[in-house]
Amino acid sequence: MNRKTIVITGASDGIGAAAARQLAADGHRLVLIGRSPDKLARVADELGAESIVADFADLAQVRHMAEEVLRLCPTIDVLANNAGLINGSERVATKDGHEATNQINYLATFLINHLLAERLVAGRSTVIMTSSMAHWGGRIDLDDLDHERSYVSFAAYADSKLALLLHTRQLQRNLGRRGVAAVAFHPGVVGSNFSVDAGGFMGSIYSSPAKALLTSSAKGADSLVFLAEATPGVDFRPGGYVIKRRPAATRACVNDVKLGEALWAATERTLGL
């Protein structure tokens, strides 16, 4: 197996940390990104990996993180966009003025892929997005991406995961001919610390004994590890969506080219790109 340089966001806990452990055991070079300095340092020290602290609730930190990745990585073989959250029952705006779920799950990922685009093309990189079956309950309102008119916690989460799938398809359309392979996956309903502090229904599930019935972080990380080590076009279809290492169906709107283009353009306007 070829040794790859793999960048993983959301790597300080949960499936990001679990994937990092397996990929490190397989001999890859890792650059880990997370918002908790202490947790991230523990994982990075354990694995002998490099690390960058960045809170995606602050887009200035996302931009700084991208600069550090470019400094550390002359070549990026895999970028795993794994950071995410389910926010609580009350709408929270970030310092950038965006609804927190939208920014952390989707806008920050879009910005990272934009800032690293030329390095990804140069490396003929695989770009992985952690999406979710929750996307089936999502909708894209191009005039209200930040849920200013209406906010429901799980709906905002589902919308962000649908946006990530549309972004995966559009990224493949835009950069696929230049060698980039974009792919998304569903990790399962993972019993990590993902939503412990969210409050509301989801927070109660993640902080209750029922959490023990959810998928383990190691099992949730399996498809991420598989995709990171896979050969695009052989082991997975670029632009596709994977569950348990196998191609999976998405909502029909994910295939809507006009919607994908419109969301891309709206996101660029939102981020001032």
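Position 1 is the first residue of the sequence, and the numbers go up from there.
When all heavy atoms of Lys4 and Ala230 are compared, the closest pair comes out as NZ-O, 3.5 Å. What you find for Leu224 and Ala80 is that their closest heavy atoms are CD2-CB, 4.2 Å. Nearest heavy-atom pair across Tyr241 and Ser131 is CE1-CB, 4.4 Å. Between Leu32 and Ala11, the shortest heavy-atom distance links the atoms CB-CB, 3.8 Å. When all heavy atoms of Ala117 and Leu175 are compared, the pair lying nearest together is CB-CD1, 4.4 Å. Residue Ala221 comes nearest to Ala18 through the heavy atom pair CB-CB, 3.9 Å, listed as atom of the first residue, atom of the second, then distance.
Between Arg245 and Asp222, at least one side-chain N (NZ, or NE/NH1/NH2) sits under 4.0 Å from a carboxylate O, which counts as a salt bridge. Residues Glu68 and Arg71 are paired through a salt bridge, judged by an N-O separation under 4.0 Å between the basic side chain and the carboxylate. Between Arg21 and Glu46 a salt bridge is recorded (basic side-chain N to carboxylate O distance below 4.0 Å).
Leu40 has its side chain out of reach of Asp38: every pair of non-hydrogen atoms, C-beta onward, lies at least 4.5 Å apart. At least one side-chain heavy atom of Val53 sits less than 4.5 Å from a side-chain heavy atom of Pro37. With contacts defined as side-chain heavy-atom distances shorter than 4.5 Å, the pair Leu165/Arg251 does not qualify. A heavy-atom distance below 4.5 Å is found between the side chains of Thr130 and Ile15. A 4.5 Å side-chain heavy-atom check between Arg169 and Asp256 finds every atom pair outside the cut-off. Contact of the Thr5 side chain with the Val78 side chain is not registered, since no non-hydrogen atoms from C-beta on lie closer than 4.5 Å. The side-chain heavy atoms of Val183 and Val127, taken from C-beta on, include no pair separated by under 4.5 Å. Between Ile243 and Phe185 there is no side-chain heavy-atom pair separated by less than 4.5 Å.
Grouping the Ile, Leu, Val, Met, Phe, Trp and Tyr side chains by contacts below 4.5 angstrom, directly or via other members, places Leu142 with Leu171. By the criterion of side-chain heavy atoms lying less than 4.5 angstrom apart, applied directly or through intervening Ile, Leu, Val, Met, Phe, Trp or Tyr residues, Ile86 is not grouped with Val152; the two fall into different hydrophobic clusters. In the hydrophobic clustering of this structure, Leu273 groups with Leu115; members are Ile, Leu, Val, Met, Phe, Trp, Tyr whose side-chain heavy atoms approach within less than 4.5 Å, directly or through other members. Note on Leu70: it clusters hydrophobically with Ile112, by side-chain heavy-atom contacts below 4.5 Å among ILVMFWY residues. Residues Ile76 and Val121 share a single hydrophobic cluster, defined by chaining ILVMFWY side chains whose heavy atoms lie under 4.5 Å apart.
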Step-by-step side chain to side chain contact (heavy atoms under 4.5 Å, CB included) determination, Arg91 to Glu148
CA-CA 9 Å; Arg91 183 184 183 276; Glu148 293 178 298; 3.4 Å; yes

Val69 and Ile33: CA distance, side-chain angles, deciding distance, side chain to side chain contact (heavy atoms under 4.5 Å, CB included) verdict:
CA-CA 10 Å; Val69 169; Ile33 297 160; 4.1 Å; yes

Side chain to side chain contact (heavy atoms under 4.5 Å, CB included), that's the test. Do Arg29 and Cys73 meet it? Break it down for me.
CA-CA 10 Å; Arg29 179 203 174 195; Cys73 302; 4.2 Å; yes

How far apart are the C-alpha atoms of Arg149 and Asp141, what are their side-chain angles, what is the distance that settles it, and do they pass the salt bridge (charged side-chain N to carboxylate O under 4.0 Å, His left out) test?
CA-CA 10 Å; Arg149 291 199 294 264; Asp141 184 343; 2.9 Å; yes

Test side chain to side chain contact (heavy atoms under 4.5 Å, CB included) applied to Leu271 and Leu59, step by step
CA-CA 9 Å; Leu271 292 170; Leu59 293 179; 3.7 Å; yes

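Checked by atom type, the side-chain pair Tyr106/Thr267 shows a donor-acceptor distance below 3.5 Å. Side-chain atoms of Arg173 and Gln170 form a donor-acceptor pair, as typed in the model, at a separation below 3.5 Å. Remark: the Glu268 side chain and the His114 side chain contain no N/O donor-acceptor pair separated by less than 3.5 Å.
Across Thr168, Leu162, Leu259, a single residue satisfies side chain to side chain contact (heavy atoms under 4.5 Å, CB included) together with Val254, and that is Leu162. For the pairing with Val31, the side chain to side chain contact (heavy atoms under 4.5 Å, CB included) check across Val7, Thr9, Ile6 returns one residue only, Val7. A side chain to side chain contact (heavy atoms under 4.5 Å, CB included) with Phe236 is found for exactly one of Ile128, Thr231, Thr126, namely Thr126.
Ring orientation note: the planes of Phe154 and Tyr157 are tilted relative to one another, at an angle of 30° to 60°.
Atom OG of Ser51 sits about 12.5 Å away from atom CZ of Arg42, to the nearest 0.5 Å. Put simply, CZ on Phe226 and CZ on Arg246 are 10.0 Å apart, with the number rounded to the nearest 0.5 Å. Rounded to the nearest 0.5 angstrom, Asp77 CG and Asn2 CG are separated by 8.5 Å. Here the CZ-CG distance, from Arg63 to Asp58, works out to 9.5 Å after rounding to the nearest 0.5 Å.
Residue pairs meeting the ring-ring contact (aromatic ring centres under 6.0 Å, His included) criterion with at least one member in residues 252-273, sequence neighbours excluded: Phe110-Trp264, His167-Trp264.
Partners of Asp146 according to the side-chain hydrogen bond (donor to acceptor under 3.5 Å, both in side chains) rule, which considers only residues two or more places apart in sequence or in another chain, are His98, Asn102.
Open room surrounds CZ on Arg124; 12 or fewer heavy atoms of other groups in view lie less than 6.0 Å from it.
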